Structure formats: structure tokens, C-alpha cells
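What you see is a predicted model, and the numbers here were worked out from it, not measured in a lab.
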Amino acid sequence: MSKRFQVGDRVVFTRDKHTTKPGPRAKNVIATPHGEMYEYQVDKYWLVVAVQPDGQLIFKTRRGKQHAFSASDPRLRKASLWERLF
């Protein structure tokens, strides 16, 4: 599955979040049972900086942080042409 991604690819990772105030990019917003918090998803736009032999991908965020996730993670996909221009 890691053959799908190469170093330099722009990817979109859908991150699950929960806070009291969802931001403007929040999608699939659902209030918790008592209404104090919201659960939602936010798309994160990252760059692939390394592909490990075991299928792990190393990503770099806009602000320089690094994350590692499996290439088979269902929340991960390649960025579309429009998203790459964004």
C-alpha cells in the first residue's frame, strides 16, 4: 500500500477533534449527548517526507511538525488538484 505514496506527495489527513467551539473548516459536526462539546472532523494538508519500509509514512505539517501514520490508514488520501493549488 505504501507504493501509492511517494516522497513529495501532498496528502489530506482527516483528523477527528472535539472542542467547545468548532472552527470554520469543521465538517461532520455533532454535539455530544449533553451539549457541552462538539465532535467533528478537520482536513489537514500535509507533505510526505519519508516512506518507511514497514509501510509507515512520515509527514510534515505547515508549521514543521512531523507525524507518522500507516499508508493504509482510511483517513489518509492524496490531495486533489484543487487541494494542491490551495
Side-chain angles (χ1 to χ4, degrees):
M1 191 73 149
S2 63
K3 299 288 185 208
R4 205 173 90 181
F5 298 100
Q6 298 176 359
V7 173
D9 283 348
R10 301 223 177 252
V11 297
V12 179
F13 186 80
T14 303
R15 170 99 23 155
D16 296 326
K17 296 191 134 205
H18 57 279
T19 62
T20 56
K21 293 182 184 178
R25 296 185 307 138
K27 61 182 185 180
N28 302 327
V29 180
I30 300 171
T32 56
H34 296 290
E36 306 94 22
M37 302 281 283
Y38 293 93
E39 295 177 356
Y40 57 96
Q41 296 175 328
V42 176
D43 287 339
K44 300 292 187 172
Y45 301 94
W46 295 343
L47 179 69
V48 177
V49 293
V51 179
Q52 303 294 327
D54 64 352
Q56 290 281 329
L57 301 173
I58 309 297
F59 305 103
K60 184 175 170 184
T61 67
R62 292 183 310 129
R63 296 187 177 195
K65 293 181 183 177
Q66 290 192 351
H67 298 282
F69 289 98
S70 172
S72 61
D73 195 317
R75 300 173 293 174
L76 181 66
R77 63 180 172 82
K78 281 191 172 185
S80 68
L81 177 62
W82 180 253
E83 290 168 328
R84 281 183 273 163
L85 294 174
F86 168 69

| said: Just to verify, which of Asp9, Leu57, Ile58 counts as forming a side chain to side chain contact (heavy atoms under 4.5 Å, CB included) with Val51? | reply: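 Going through the options one by one, the only one that passes is Leu57.
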N/O donor to acceptor pairs below 3.5 angstrom from side-chain atoms of residues 31-40, sequence neighbours left out:
| from | atom 1 | to | atom 2 | distance (Å) |
| --- | --- | --- | --- | --- |
| Thr32 | OG1 | Met37 | N | 3.3 |
| Thr32 | OG1 | Met37 | O | 3.1 |
| Tyr40 | OH | Thr19 | OG1 | 3.1 |

| side chain to side chain contact (heavy atoms under 4.5 Å, CB included) with Arg15: which residues, sequence neighbours excluded? | Phe13, Lys17, Lys44, Trp46, His67, Phe69
| query | Cluster question for you: counting only ILVMFWY and a side-chain heavy-atom cut-off of under 4.5 Å, with indirect links fine, are Leu47 and Val7 together? | reply |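 Cluster IDs for Leu47 and Val7 differ.
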| message | Suppose clustering is done on Ile, Leu, Val, Met, Phe, Trp and Tyr with side-chain heavy atoms closer than 4.5 Å. Which residues sit in the same group as Ile30? | response | none
| Nearest-0.5 Å distance that lies between atom CZ in Arg62 and atom OH in Tyr45 | 10.5 Å
| said: Under the rule for side-chain hydrogen bond (donor to acceptor under 3.5 Å, both in side chains), what residues qualify as partners of Arg10, not counting sequence neighbours? | reply: none
| field | Non-neighbouring partners of Asn28 that pass side-chain hydrogen bond (donor to acceptor under 3.5 Å, both in side chains), sequence neighbours left out | value |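 Counting only residues at least two positions away or on another chain, Asn28 forms a side-chain hydrogen bond (donor to acceptor under 3.5 Å, both in side chains) with Gln41.
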| query | Taking the side chain as C-beta and beyond, is there a heavy-atom pair between Gln6 and Val48 under 4.5 Å? | reply |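 In short, these two side chains do not touch, never coming nearer than 4.5 Å.
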| task | Name all residues meeting the salt bridge (Lys or Arg N to Asp or Glu O under 4.0 Å) criterion together with Lys27; count only those two or more places apart in sequence or in a different chain, and write none if there are none. | result |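 Applying salt bridge (Lys or Arg N to Asp or Glu O under 4.0 Å) to Lys27 gives Asp43.
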